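The basis for the numbers below is simple: all heavy atoms, side chains too, and nothing from hydrogens, waters or symmetry mates. Fair warning: this is a prediction, and the values are worked out from it, not measured in the lab. Order of listing sets the numbers, starting from 1, for every ligand and every atom in it.
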Amino acid sequence: AAMSPLRGRLAGRHVLVTAGPTHEPIDPVRYIANRSSGLQGFAIARAAAEAGAKVTLVAGPVNLPTPFGVTRVDVESAAQMAAAVEAALPADVAVMVAAVADWRSADAAQQKLKKDGSGQVPPLALVQNPDILAGLCAHVQRPALVVGFAAETENVIGHAQAKLARKGADWIVANDVSGDVMGGTRNAVHIVTASGVESLAEAPKDDVAQALVERMIDALV
Ligand code: CTP
Ligand code: CA
């Protein structure tokens, strides 16, 4: 890769990134998941490391190589991700790209669920997971810049503005996932802040990451 034009500009800073899906166990062999590939979060972790930051990447279950110079913490569930985020503090910047499962099984079975022969379907009761981003925004060690992501299929900007206010983040990076963005290598995002919306042209996820890190550097000074 070409030398980062942002080289050294995040020196001395700690950037915390979450990426990928979470897996919520139903029983020892089954889980609830989503289609997040982790690619955008990993690209941001890489761009931040190239800019000289100390980077902690809390990664859900994905099969991606760890970017050079990045400290990776692998987790599976939302609860594990929340604990890993907490353990990584303090940080100057947090970028919560992970597609955290909204719900987990209320009572994950300790043994594999079995068909009972009657055709009866087992009930799957769900409970809501804690909101890691909102928790970080309200934390005594709140990073100076907290960035959330929002994958939406309709009313992209409107939903992002609502999330910005509800969670107390500084930015929500909204992307339209009605197409094939999840798992794809390109992304078109809108940076939604209290002062307005900046829409970036559709580009490879590495370029989107670079542009976002550039704006983080500007926001930190
Ligand atoms: N997020 C989180 N913890 C959760 C759910 C979401 O930290 N339990 C974070 C995501 O990492 C992301 C942001 O919140 O940065 C927005 O996630 P999103 O799923 O778009 O928002 P939700 O509040 O879960 O709303 P929705 O009902 O649209 O899924
Ligand atoms: Ca959600």
Item to check | Close approach of His159 to ligand 1, heavy atoms, under 4.0 angstrom | outcome: no
Checklist entry - Would you call Arg142-Asp170 a salt bridge at under 4.0 Å N-O? => result yes
Checklist outcome for this item: Only residue of Val95, Val85, Val55, Val73 satisfying side-chain contact (heavy atoms from CB on, under 4.5 Å) with Leu16 is Val85
Item to check | Ala99-ligand 1 polar pair, N/O distance under 3.5 Å | outcome: no
Checklist entry - If waters are left out, how many protein N/O/S atoms lie within less than 3.0 Å of the Ca ion (ligand 2)? => result 2
Checklist entry - For Asp102, is at least one N or O under 3.5 Å away from an N or O on ligand 1? => result yes
Checklist entry - Would you say the side-chain atoms of Ser105 pair up with the backbone N or O of Leu126, donor to acceptor, closer than 3.5 Å? => result no
Next on the checklist: Tell me the protein heavy atom at minimum distance from atom 3 (N) of ligand 1, and give that distance in Å.
Outcome noted: Ile132 N, 3.0 Å
Next on the checklist: Checking the N or O distance criterion of under 3.5 Å, is ligand 1 in contact with Arg166?
Outcome noted: yes
Checklist entry - Of the backbone atoms (N, CA, C, O) and the side-chain heavy atoms from C-beta on, which set of Pro130 has a member under 4.0 Å from an atom of ligand 1: side chain, backbone, both, or neither? => result backbone
Item to check | Atom pair NZ/CZ of Lys205 and Phe42 - distance to nearest 0.5 Å | outcome: 12.5 Å
Item to check | Value rounded to 0.5 Å, distance of CG in Asp206 from CD1 in Ile44 | outcome: 10.5 Å
Checklist outcome for this item: Taken to the nearest 0.5 Å, the spacing of Leu6 CG from Ile217 CD1 works out to 4.5 Å
Checklist entry - Got a second to check how far Arg13's CZ is from Leu145's CG, nearest 0.5 Å? => result 10.0 Å
Checklist outcome for this item: When every non-hydrogen atom of Arg104 is compared with those of Gln128, the smallest separation belongs to NH1-O, 3.5 Å
Checklist entry - Using heavy atoms and a threshold below 4.0 Å, how should the contact between Lys163 and ligand 1 be classified: side chain, backbone, both, or neither? => result side chain
Checklist entry - Any N/O of Leu133 closer than 3.5 Å to an N/O of ligand 1? => result yes
Checklist outcome for this item: re atom 13 (C) of ligand 1, the protein heavy-atom contact at minimum distance is Phe149 O, 3.0 Å
Next on the checklist: What protein heavy atom lies closest to atom 10 (C) of ligand 1? Include the residue and the distance to one decimal.
Outcome noted: Ala98 O, 3.4 Å
Checklist entry - Mind checking whether Lys167 has a heavy atom under 4.0 Å from ligand 1? => result yes
